[in-house]
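Working notes, beginning with the structure itself.
Reminder, nothing fancy here: chain letters follow the sequence lines and each chain counts from 1. Quick caveat: nothing in here was measured; it's all calculated off a predicted structure.
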Amino acid sequence: MSTPIIKPQTLRGFRDFLPAMMIPRLQIIEAAREVYSQYGFSPIDTPALEYTEILLGKGGNETDKQLYRFEDQGGRDVSMRFDLTIPFARFAAQNIGVLGTPFKRYHIAPVWRGERPARGRFREFVQCDFDTIGTDSLAADIETILVVHDLLDKIGIGEFTIRINHRQLLNGLLEQLGLLEHSKELLRALDKLPKIGKEAVVKEMVDTTGVESGKAEQVLKLAALQGEPEAILEEARSLISSSELGQQAWSALQEITQACSNIGIASNRLSLDLSIARGLDYYTGLIFETFLTDLPDMGSISSGGRYDDLAGLYTKQKLSGVGGSLGLDRLLAALDEMKRLDEVATTSQILVLRFVENRLADYQKISRVLHQAGIASEVYPEAKALSKQLKYADRKKIPLALISGEDELAQNVWQLKNLRTGNQLTVPADQLAETVKAELNQL
RNA sequence: GUGCCCAUAGCUCAGCUGGUUAGAGCGUCGGAUUGUGAUUCCGAAGGUCGCGGGUUCGAGCCCCGUUGGGCACCCCA
């Protein structure tokens with residue numbers, strides 16, 4: 001009787017990452033780090049676990065946040081973070097004294113939510129957040145849009161649209177209509193506009209708040225505006241004219257859209273969409289979501305906005321800010337579906353074949369020479385038939401192979417084979433690194 | 001958390017109204033080819049039909065539960 005084996009399985013909504021998925025994953029993280037750094041955001045990290053009271057704050061309950069919550073070995077009530085913003089609020093409250101303002105950070109890390117998994121939705125996923133806190137300047141709002149734009153552009157995910165809106169514009173409208181007290185329900189209904197349509201939204205508004213359907217339709221009138229940002233703003237002007245907050249929001253949106261346009265953001269990539277409401281209640285100003293043109297139903301792959309009191313729960317110091325988040329795993333699910341992921345199974349650029357068994361040292365030595373020249377090289381471990389070794393390179397999609405037996409070793413030359421083209425060159429040892437580099441550049 | 005659909009070899013799937021030893025393609029491994037891969041040819045391995053229970057003379061197929069996946073609500077990256 002052998003020992004019964006334990007069924008290997010991962011938890012629902014949790015996943016393994018094979019090299020073919022992990023390599024593009026790291027490429028995106030690398031792209032995000034580059035763009036964030038270029039704009040002056042600094043990296044930080046925080047613990048995966050926090051005191052539950054920190055994460056729950058005042059509003060919201062445990063099931064609302066879909067928390068993984070438990071008691072630790074010391075009897076503390078702890079939970080796994082469900083986003084990076086709340087931990088950042090705690091972090092800022094605790095550390096802003098030594099950091100100073102304005103403070104710009106980025107944070108790339110996994111978060112956990114015990115919600116039902118679906119397409120592009122997992123229980124463990126990585127967010128790539130960036131925020132600027134300690135300034136009310138619209139410069140930071142504009143920069144936030146630029147960062148999202150540059151990052152998605154760099155990743156090469158195809159066409160996308162960043163849809164922006166402003167919380168106070170909606171509130172201004174509600175104020176003018178005398179509906180401010182119902183803003184939460186109304187905004188939640190409004191958020192569903194693209195999905196369920198105008199009539200259903202009006203119905204939900206009436207059902208949940210008891211407002212007259214005529215007023216609900218007026219809310220929709222603003223949200224349903226389509227077209228160029230300038231035109232929409234022009235239309236919206238009169239709808240919020242009696243609200244001071246609304247007018248401020250209006251000016252902010254105008255400044256943001258104009259700045260983006262002047263800076264050179266393509267007009268199809270930034271649109272004003274007054275139906276965007278965002279579920280999260282801490283947003284108070286600019287809000288945005290980003291959709292892929294080819295896969296709009298994947299949901300927003302990057303979203304964020306401005307808040308005027310990030311850390312009010314944890315400190316008396318008022319910290320306003322603006323930021324965004326890129327959903328790495330949702331983005332990867334989209335890339336996967338669009339068949340835009342490279343089929344790469346290794347990072348090696350060249351495979352050194354172990355042709356002659358007792359010449360291993362020569363093969364490892366040349367591999368190190370390549371490493372020192374910045375080339376990713378590996379030596380096949382066994383002196384199997386060359387066809388087997390080449391097949392390994394094939395499967396891993398390694399583009400080059402280095403083949404040398406006794407004859408070449410005696411002459412101090414190497415056979416460099418390009419596995420994509422089948423071409424083969426005889427290269428003297430001292431020219432190998434540069435020849436390999438030249439070959440790689442041509443791929 | 002509620003409702004619905006799905007689960008057969010590493011992958012994609014076939015398997016008739018429940019009826020003997022469960023199949024294919026691709027992949028893997030070995031060989032044709034002891035100095036050259038992704039083509040071709042030959043051969044092999046690999047499944048307690050997700051798991052547990054029930055109905056039945058008999059279950060991959062029917063019923064219940066459970067785990068995992070998908071879709072719609074909900075929420076969101």
- Query: If we call it a pair only when both distances are under 3.5 Å in a Watson-Crick or G-U wobble match, what pairs with B/rA72?
  - Reply: B/rU2
- Task: Check every strand shown and say whether A/Tyr392 touches a base, only sugar-phosphate, or nothing at a heavy-atom separation below 4.0 Å.
- Result: nothing
- P spacing across the pair B/rC16 / B/rG53, given as an integer number of angstrom: 25 Å
- Task: Could you label the plane-to-plane angle of the A/Tyr307 and A/Tyr283 rings as parallel, tilted or perpendicular, counting under 30° as parallel and over 60° as perpendicular?
- Result: tilted
- Task: Let me know the distance between CZ of A/Arg123 and C1' of B/rU67, rounded to the nearest Å.
- Result: 12 Å
- Task: Describe the nucleic acid contact of A/Ala118 in one word from base, sugar-phosphate, nothing, applying a heavy-atom distance below 4.0 Å.
- Result: sugar-phosphate
- Item | Ring-face cation contact, A/Phe291 with A/Arg163, 6.0 Å cut, 45° max | yes
- Check every atom of B/rC76, B/rG37, B/rC29 against the side chain of A/Arg113 and return the nucleotide holding the closest atom. B/rC76
- Which one, B/rG70, B/rG35, B/rG37, comes nearest to the side chain of A/Leu386? B/rG35
- Query: Quick one: is B/rG30 close enough that its OP1 or OP2 comes under 4.0 Å of any side-chain N or O from A/Lys388?
  - Reply: yes
- Note on the structure: Result for 5'-nearest mapping on RNA chain B, choosing between A/Thr10 and A/Leu326, is A/Thr10
- Item | Identified pairing partner of B/rU66, criterion: Watson-Crick or G-U wobble below 3.5 Å | B/rG50
- Message: Can you tell me if A/Arg12 touches the phosphate of B/rG69, counting only side-chain N or O atoms and a distance under 4.0 Å to OP1 or OP2?
- Response: yes
- To the side chain of A/Lys417, which of B/rG37, B/rA77, B/rG35 is closest? B/rG37
- Taking the P atom of each, how far is B/rC6 from B/rC13, in whole Å? 14 Å
- Query: With a centroid cutoff of 5.5 Å and a plane-angle limit of 30°, would you call A/Phe125 stacked on B/rA77?
  - Reply: yes
- Message: Between B/rG37 and B/rU33, how far apart are the two P atoms, rounded to whole Å?
- Response: 13 Å
- Item | Between B/rC75 and B/rU2 - C1' atom distance, rounded Å | 14 Å
- Residues A/Lys104 and A/Glu143 bridged, charged N to O under 4.0 Å: yes
- Query: Would A/Glu378 and A/Tyr392 count as having a side-chain donor-acceptor pair, cut-off 3.5 Å?
  - Reply: yes
- Nucleotide B/rC73, atom C1' - distance to CD of A/Gln66 in whole Å: 13 Å
- Task: Specify whether A/Phe41 and A/Phe130 have parallel, tilted or perpendicular ring planes, treating 30° as the upper limit for parallel and 60° as the lower limit for perpendicular.
- Result: perpendicular
- Message: Mind checking if A/Glu408 touches a base, just sugar-phosphate, or nothing, with heavy atoms under 4.0 Å?
- Response: base
- Item | Interatomic distance at C1', B/rC41 relative to B/rG18, whole Å | 42 Å
- Go through B/rC75, B/rG37, B/rA77 for me and flag the one nearest to the A/Arg330 side chain. B/rA77
- Task: Between B/rA77, B/rG35, B/rG37, spot the one nearest the side chain of A/Glu115, thanks.
- Result: B/rA77
- Which atoms form the tightest heavy-atom contact between A/Trp414 and A/Asp362, and what is the distance? CH2-O, 4.0 Å
- Rounding to the closest angstrom, what is the interatomic distance between B/rA59 and B/rG70 at atom P? 32 Å
- Which part of the nucleic acid does A/Ile301 contact within heavy-atom distance under 4.0 Å: base, sugar-phosphate only, or nothing? sugar-phosphate
- Item | Separation between the P atoms of B/rG23 and B/rG15, rounded to whole Å | 15 Å
- Message: For a quick check of understanding: with a heavy-atom distance under 4.0 Å over all strands, which category does A/Asp394 fall into, base, sugar-phosphate or nothing?
- Response: base
- Message: Taking only the P atom of each, what is the distance from B/rA24 to B/rC42 in whole angstrom?
- Response: 15 Å
- Query: Between B/rC76 atom P and A/Leu84 atom CG, what is the distance in whole Å?
  - Reply: 16 Å
- Task: Let me know the distance between CZ of A/Arg116 and C1' of B/rC5, rounded to the nearest Å.
- Result: 12 Å
- Once you apply the 3.5 Å cut-off to both distances, tell me the Watson-Crick or G-U wobble partner of B/rU21, or none. none
- Rounded to whole angstrom units, what separation is found between the CZ atom of A/Arg354 and the P atom of B/rG37? 21 Å
- Please tell me which of the listed nucleotides, B/rG35, B/rC29, B/rG70, lies nearest to the side chain of A/Pro117? B/rG70
- Message: With a cut-off of less than 4.0 Å, is there a side-chain N or O of A/Ser387 near OP1 or OP2 of B/rU36?
- Response: no
- Task: Scan A/Gln424 against the nucleic acid and name what it touches under 4.0 Å (heavy atoms): base, sugar-phosphate only, or nothing.
- Result: base
- Below 4.0 angstrom, N of the basic side chain to O of the carboxylate: do A/Asp129 and A/Arg105 qualify? yes
- Task: In whole angstrom, give the distance that lies between atom NZ of A/Lys391 and atom C1' of B/rA32.
- Result: 13 Å
- Task: Would you kindly give the CD-to-P distance between A/Glu382 and B/rG30, to the nearest whole Å?
- Result: 10 Å
- Task: Name the nucleic acid region contacted by A/Gly13, choosing base, sugar-phosphate or nothing; use a 4.0 angstrom heavy-atom cut-off, strictly under.
- Result: sugar-phosphate
- Watson-Crick or G-U wobble partner for B/rU39, using a 3.5 Å limit on both distances? none
- Message: Using Watson-Crick or G-U wobble geometry with both distances under 3.5 Å, which nucleotide pairs with B/rU55?
- Response: none
- Message: Rounded to whole Å, please give me the gap between CG in A/Leu332 and P in B/rA77.
- Response: 17 Å
- Task: Taking only Lys NZ, Arg NE, NH1 and NH2, and the carboxylate oxygens of Asp or Glu, determine whether A/Arg25 and A/Asp329 approach each other closer than 4.0 Å.
- Result: yes
- Query: According to the Watson-Crick and G-U wobble definitions, with both distances under 3.5 Å, which nucleotide is paired to B/rA44?
  - Reply: B/rU28
